[in-house]
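In what follows, a single structure is set out as structure tokens and then discussed.
Residue indices begin at 1 and follow the sequence shown.
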Amino acid sequence: MRRALALAAQAGTQGEVPVGAVVVVDGEVVGEGWNQPIATSDPTAHAEIVALRAAATRVKNYRLSGATLVVTVEPCLMCVGAMIHARIGTVIYGAHEPRAGALGSAVAAHETPGLNHRLDVVVGVLADECRSLMLEFFRDRR
């Protein structure tokens, strides 16, 4: 989570919402990303998607079976869908996202009936630090 926090801070310095993510396979970081939709003019360039793309490229497989994705803020519906398609094993996140969080806060997308893959979810890792980074970013923008 510390690496994801550093990536989130990087996003914030670039004027992006400060969210960072890493993908870990067998204890090794194989992909990382931070929010970049503004810089890339790409609405899908969320930290999780950027990290998943980097990991899939590195391991040369779009399936990341058993991988762990660590992200500073609860993922949205799009990102949860991508994790399911990638067959991520575990998602670890820090701060809840009450308006758009799709792992329980606003919706539990990973529990949708009919899905052929399930995610394990770990909540609250370094939650105070993750939340503080977001609060400071939005406070500074107002």
Side-chain angles (χ1 to χ4, degrees), residues 1-139 141:
M1 185 61 79
R2 293 263 179 233
R3 179 64 186 148
L5 276 163
L7 294 166
Q10 181 175 334
T13 64
Q14 296 173 2
E16 304 276 3
V17 174
V19 178
V22 296
V23 176
V24 179
V25 174
D26 296 328
E28 179 186 356
V29 173
V30 295
E32 58 184 35
W34 59 92
N35 269 3
Q36 302 174 44
I38 297 167
T40 61
S41 299
D42 179 356
T44 70
H46 290 194
E48 301 93 324
I49 301 295
V50 174
L52 287 170
R53 288 175 179 158
T57 298
R58 178 142 178 220
V59 303
K60 297 180 180 9
N61 193 337
Y62 74 105
R63 296 284 195 225
L64 299 168
S65 298
T68 298
L69 190 143
V70 180
V71 61
T72 56
V73 177
E74 183 180 2
C76 72
L77 187 59
M78 173 185 69
C79 292
V80 171
M83 291 175 211
I84 290 167
H85 285 291
R87 305 296 192 265
I88 293 294
T90 302
V91 180
I92 300 170
Y93 74 86
H96 291 288
E97 209 314 353
R99 287 188 277 175
L103 290 175
S105 291
V107 65
H110 62 303
E111 296 174 356
T112 301
L115 291 176
N116 62 350
H117 180 71
R118 298 285 178 216
L119 303 169
D120 291 325
V121 180
V122 177
V123 179
V125 175
L126 299 180
D128 291 340
E129 291 178 51
C130 295
R131 187 179 315 95
S132 292
L133 190 60
M134 292 289 280
L135 291 173
E136 289 172 24
F137 175 80
F138 286 109
R139 187 176 17 244
R141 294 192 67 151

request  = Count the heavy atoms belonging to other residues, nucleotides or ligands that lie under 6.0 Å from CG of L77, then report whether that count exceeds 12.
outcome  =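 Counting neighbours around CG of L77, 12 or fewer heavy atoms of other residues, nucleotides or ligands fall under 6.0 Å, so no.
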Report the distance from atom [atom1] of [X] to atom [atom2] of [Y], rounding to the nearest 0.5 Å.
| X | Y | atom1 | atom2 | value |
| --- | --- | --- | --- | --- |
| L5 | Q10 | CG | CD | 13.0 Å |
| R118 | E111 | CZ | CD | 7.5 Å |
| I49 | N35 | CD1 | CG | 10.5 Å |
| L126 | L133 | CG | CG | 11.5 Å |
| E48 | I88 | CD | CD1 | 11.0 Å |
| E136 | R141 | CD | CZ | 14.5 Å |

Listed partners of R87 passing side chain to side chain donor-acceptor pair (under 3.5 Å), at least two apart =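 By the side chain to side chain donor-acceptor pair (under 3.5 Å) rule, R87 matches no residue at all.
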task = Identify, with sequence neighbours excluded, every residue that meets side chain to side chain donor-acceptor pair (under 3.5 Å) alongside T90.
result =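 With neighbours one apart ignored, the set is empty.
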Are any non-hydrogen side-chain atoms of [X] and [Y] less than 4.5 angstrom apart?
| X | Y | value |
| --- | --- | --- |
| H96 | V123 | yes |
| D42 | Q36 | no |
| E97 | M134 | no |
| F137 | V17 | yes |

request  = For V80 and L119, run side-chain contact (heavy atoms from CB on, under 4.5 Å): C-alpha distance rounded to whole Å, both residues' side-chain angles, the deciding distance at 0.1 Å, then the answer.
outcome  = CA-CA 9 Å; V80 171; L119 303 169; 4.2 Å; yes
Contact summary for [X] and [Y], nearest pair of heavy atoms:
| X | Y | answer |
| --- | --- | --- |
| A54 | G31 | CB-CA, 3.9 Å |
| V19 | A47 | O-CB, 3.4 Å |
| M1 | Y93 | CE-C, 3.7 Å |
| P37 | A45 | CD-O, 3.3 Å |
| A4 | V22 | N-CG1, 4.3 Å |
| A102 | C76 | CB-C, 3.5 Å |

message = Can a donor-acceptor pair be found, under 3.5 Å and without considering hydrogens, that links the side chain of R53 to the backbone of G33?
response =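 A pair under 3.5 Å: no.
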query = Do the side chain of E32 and the main chain of L7 share a donor and acceptor less than 3.5 angstrom apart?
reply =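 Such a contact is absent between E32 side chain and L7 backbone.
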inquiry  = Working note: R2 + E129, criterion side-chain contact (heavy atoms from CB on, under 4.5 Å); need CA distance, chi angles, decisive distance, verdict.
reply    = CA-CA 10 Å; R2 293 263 179 233; E129 291 178 51; 2.5 Å; yes
Can you list, pair by pair, the side-chain donor-acceptor contacts under 3.5 Å of residues 62-72, counting residues two or more places apart and other chains?
| residue | atom | partner | partner atom | Å |
| --- | --- | --- | --- | --- |
| R63 | NH1 | H85 | O | 2.4 |
| T72 | OG1 | G20 | N | 3.2 |

